[in-house]
Number of protein chains: 2
Amino acid sequence: MKTEKISELTTNRLSVYLRCLNELAATGVETISSQAMAEQFNLNSAQIRKDLAYFGEFGVRGVGYYVENLRQHILKILGLSTVNRVAIVGLGNLGMALANYHGFYQHSFDIVALFDADPAKIGTRVRSGVEIQSADNLKEVIKQKEINIVVITVPATAAEQVLADVTESGVRAVLNFAPVHLHPKPGVKVKTVDLSISLESLSYFLANPSADGVNVDYRDFLRYDPESNGAG
Amino acid sequence: MKTEKISELTTNRLSVYLRCLNELAATGVETISSQAMAEQFNLNSAQIRKDLAYFGEFGVRGVGYYVENLRQHILKILGLSTVNRVAIVGLGNLGMALANYHGFYQHSFDIVALFDADPAKIGTRVRSGVEIQSADNLKEVIKQKEINIVVITVPATAAEQVLADVTESGVRAVLNFAPVHLHPKPGVKVKTVDLSISLESLSYFLANPSADGVNVDYRDFLRYDPESNGAG
DNA sequence: AATTGTGAATTCCTTCACAGCC
DNA sequence: GGCTGTGAAGGAATTCACAATT
C-alpha cells in the first residue's frame with residue numbers, strides 16, 4: 001500500500017471494475033486476470049494492475065485475482081461497505097427520477113431526506129415513502145439526519161446557495177446536476193454531472209465528421225471578422 | 001494550414017465557455033479576457049486561449065474576445081446553430097425526466113420521438129405533446145424522423161441491443177445512461193453518463209479523508225479522462 | 001499597457017516490458 | 001507457463017513565459 005496521491009481517474013475505474021466483479025461473482029466465476037478484465041472495457045491490463053496496486057497486493061501471480069476477495073476490497077476502498085446517507089434538494093423532474101430510481105444505489109446509498117421549495121410538493125411522499133420537506137428546514141434536517149451526501153437538482157440560479165447551506169451543515173460531498181460551476185469551500189467535494197456538455201459534445205461530433213480521428217482545419221471559415229457582428 | 005486532432009476535453013470546455021458567454025451576452029458585457037473567464041472556472045487562461053486557438057484567431061490582442069462574436073463562433077463549432085433531432089429510448093423515471101426537462105436543450109436539441117417497450121406507456125404523451133411509441137417501431141421511425149442523437153435510458157441489460165438497432169438505422173451519436181460499457185461500431189460515438197461512478201467517487205472521498213479536499217467539480221468533463229471516450 | 005497566440009517546460013497518465021512469484 | 005507488480009519509457013494535457021499585436 002502506497003501513500004502516493006491517488007488520481008480520481010483511478011477511483012473512477014475502480015467503480016467500473018467493481019461492477020464487472022459483481023457480474024462475475026453473480027455468475028459464479030472465481031478468478032479473473034487483469035487481461036480478461038481489460039478486454040471487456042478496452043483498457044490496458046497494466047493500468048488495471050496499477051490501479052489495484054495502489055491499494056494493496058490483491059492478485060496472485062500465475063492465477064489472477066480472486067473475484068469475491070477483490071470485490072470486497074474494492075467495496076471497502078470506495079467506502080461502500082458502510083451506508084451513505086443521501087439527501088436530494090430539488091424535486092423537479094430529475095430530482096424525482098433520482099428519488100425513485102433504486103437501480104443506481106444498490107445497498108450503499110440510502111436516500112433519507114428530500115427538500116423542495118414548492119409548497120405544493122411539501123408533505124407529499126415519493127414511492128419509497130420518504131416525505132418531501134420544505135427547503136427552509138434544510139440546515140437542521142441535514143444535521144439531524146446525519147446526511148453525508150447531497151444531490152443538488154435545483155435550477156442553476158439556486159444551486160450555489162444550496163451548496164453554501166449544506167456546507168454549513170457539515171456536508172462534504174455534493175453531486176450537482178445544475179448546469180453551473182459551483183465554488184465549494186476547501187474540504188468539500190462537488191461532482192457536477194452536466195448533461196448539456198454531454199449533448200453538445202455529441203453535437204460537435206456530428207458537426208465534424210472527422211472529429212473522431214482525422215484532422216480538421218476550421219480557420220478558413222471561422223476566422224475573426226470584425227465586419228460581421230459574429231454570425232461568421 | 002494547421003491540422004491537429006482536437007481533444008474532447010477541449011470541446012467540452014467550449015461548452016462551458018459558451019455558457020459563460022451566454023450569461024455575459026445577456027448582461028450586456030461586450031468583451032472578455034481569457035484571464036477573466038479563467039477565474040470563473042478555476043482554469044488556466046492559457047488553456048482557454050489554446051482551446052480557442054485550435055479553431056481560429058478569435059481574440060484581439062490588448063482587448064480580449066468580443067463576447068457575441070466568440071459566442072457565435074462556438075455555436076457554429078459545436079454544431080449548435082442547426083437543430084439536432086433527438087429520440088429517447090426508455091421512458092422510465094429518468095427518460096421521462098429528460099423528456100420533460102426543457103432546460104437542458106435550449107434551442108439546439110429537439111426531442112421528436114420517444115420509445116418504450118411497456119404497453120401501458122405506449123400511446124401516452126409527455127408534456128411537450130410527443131407520443132410514446134412501441135420500441136418495435138424503433139428502426140423505421142428513427143430513419144423516417146431523421147433522428148441523429150439517441151438517448152438510451154433503458155435497463156443495462158437492454159442497452160447494447162438498443163445501440164445495435166439505432167446504429168443500424170444510421171444514428172451515429174448516443175447518450176447512454178445505462179450503467180454498462182457499450183461497444184459502438186467505428187464511426188459511432190457513445191457518451192455514457194454513469195451516476196453510480198459519480199456517487200461512488202463521492203463515497204471514496206468521504207471514506208478517505210487523506211484523499212485531500214481538492215475540489216474536482218467539473219474535472220471529469222474538463223480535464224483528462226480517457227474513460228469517457230466513445231467512438232470507435 | 002493589456003492581452004492574445006504559441007513554443008517550451010512541466011505535470012500527469014498510460015503503456016511497455018520484464019523481474020519476480022505461483 | 002501464466003500472471004502480477006512495477007520501474008522506465010512514452011504520450012497527452014496543462015501551465016509557463018514571452019514575442020507579437022492592438
Side-chain angles (χ1 to χ4, degrees), chain A residues 1-14 16-17 29-39 41-67 69-70 73 213 215 217-219 222-226, chain B residues 1-14 16-17 29-39 41-67 69-70 73 211-212 214 216 218-229:
Chain A
M1 181 106 162
K2 316 184 173 173
T3 50
E4 198 174 330
K5 184 174 180 219
I6 283 141
S7 153
E8 181 151 4
L9 298 169
T10 291
T11 62
N12 286 348
R13 282 190 296 263
L14 290 186
V16 173
Y17 307 153
V29 176
E30 296 203 340
T31 66
I32 182 91
S33 69
S34 60
Q35 182 55 46
M37 244 198 290
E39 277 158 17
F41 304 114
N42 335 331
L43 288 177
N44 181 287
S45 66
Q47 178 159 73
I48 296 180
R49 295 197 297 278
K50 260 207 164 135
D51 285 341
L52 298 174
Y54 285 121
F55 300 95
E57 301 206 358
F58 303 137
V60 181
R61 288 158 204 245
V63 177
Y65 299 87
Y66 287 100
V67 169
N69 176 265
L70 182 56
H73 276 299
N215 303 321
D217 185 325
Y218 284 87
R219 290 172 185 247
L222 291 179
R223 192 181 297 275
Y224 175 55
D225 175 6
Chain B
M1 178 131 157
K2 171 172 177 174
T3 61
E4 197 169 334
K5 180 165 184 211
I6 285 142
S7 153
E8 181 154 358
L9 297 170
T10 292
T11 63
N12 285 349
R13 282 189 295 262
L14 290 185
V16 173
Y17 306 154
V29 176
E30 296 202 339
T31 66
I32 182 91
S33 70
S34 59
Q35 183 56 44
M37 243 198 290
E39 278 159 16
F41 304 114
N42 332 335
L43 287 177
N44 181 291
S45 67
Q47 178 159 71
I48 295 181
R49 295 197 298 276
K50 259 206 166 132
D51 285 340
L52 297 173
Y54 285 123
F55 300 96
E57 300 204 357
F58 303 138
V60 181
R61 288 161 203 244
V63 176
Y65 299 87
Y66 287 100
V67 168
N69 174 267
L70 183 56
H73 277 300
D212 58 56
V214 167
V216 286
Y218 271 85
R219 187 180 206 283
D220 286 356
F221 289 122
L222 306 188
R223 300 183 48 108
Y224 188 37
D225 180 9
E227 269 300 284
S228 74
N229 70 343

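None of these values were measured; they are calculated from a predicted model. Below, each value reflects all heavy atoms present in this structure, side chains not excepted, and no hydrogens, waters or symmetry copies.
- Atoms CE (A:Met37) and P (D:dT4) sit 8 Å apart, rounded to a whole Å.
- Note on A:Ser34: only backbone sugar-phosphate atoms sit closer than 4.0 angstrom, heavy atoms only; bases stay farther off.
- If you measure from atom OH of B:Tyr65 to atom C1' of C:dT3, you get 9 Å, rounded to the nearest angstrom.
- Across all their heavy atoms, B:Ser7 and B:Leu9 have their closest contact at OG-N, 2.9 Å.
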*asked:* Run B:Tyr54 and B:Leu14 through side-chain contact (heavy atoms from CB on, under 4.5 Å) and show every step you take.
replied: CA-CA 11 Å; B:Tyr54 285 123; B:Leu14 290 185; over 6 Å; no
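- Under the 30°/60° scheme for interplanar angles, the aromatic rings of B:Phe41 and B:Tyr17 are found to be tilted.
- Between the P atom of D:dT15 and the CG atom of B:Asp51 lies a distance of 11 Å, rounded to the nearest Å.
- Rounded to whole angstrom, the span from the OH atom of A:Tyr54 across to the C1' atom of D:dG5 amounts to 12 Å.
- In terms of phosphate contacts, B:Tyr66 brings no side-chain nitrogen or oxygen within less than 4.0 Å of OP1 or OP2 of C:dT4.
- Residue A:Gly62 is classed as a base contact, given a heavy-atom separation below 4.0 Å to a base.
- At a cut-off of 3.5 angstrom, the base of C:dT3 holds no donor-acceptor pair with the side chain of B:Arg61.
- Look at CG on A:Leu9: it is 12 Å from P on C:dC12, rounded to the nearest Å.
- For the pair A:Ile48 CD1 and C:dT15 C1', the computed distance is 13 Å after rounding to whole Å.
- Rounded to whole Å, atom C1' of D:dT15 lies 5 Å from atom CG of B:Asn44.
- Toward the 5' end of DNA chain C, the nearer of the two residues A:Ala46 and B:Gln35, judged by each one's closest nucleotide, is B:Gln35.
- Two residues, B:Lys50 and B:Ser33, neighbour DNA chain C, and the one matched to the more 5' nucleotide by heavy-atom proximity is B:Ser33.
- Regarding contacts with the backbone of D:dT14, a side-chain N or O of B:Arg13 is found under 4.0 angstrom from either OP1 or OP2.
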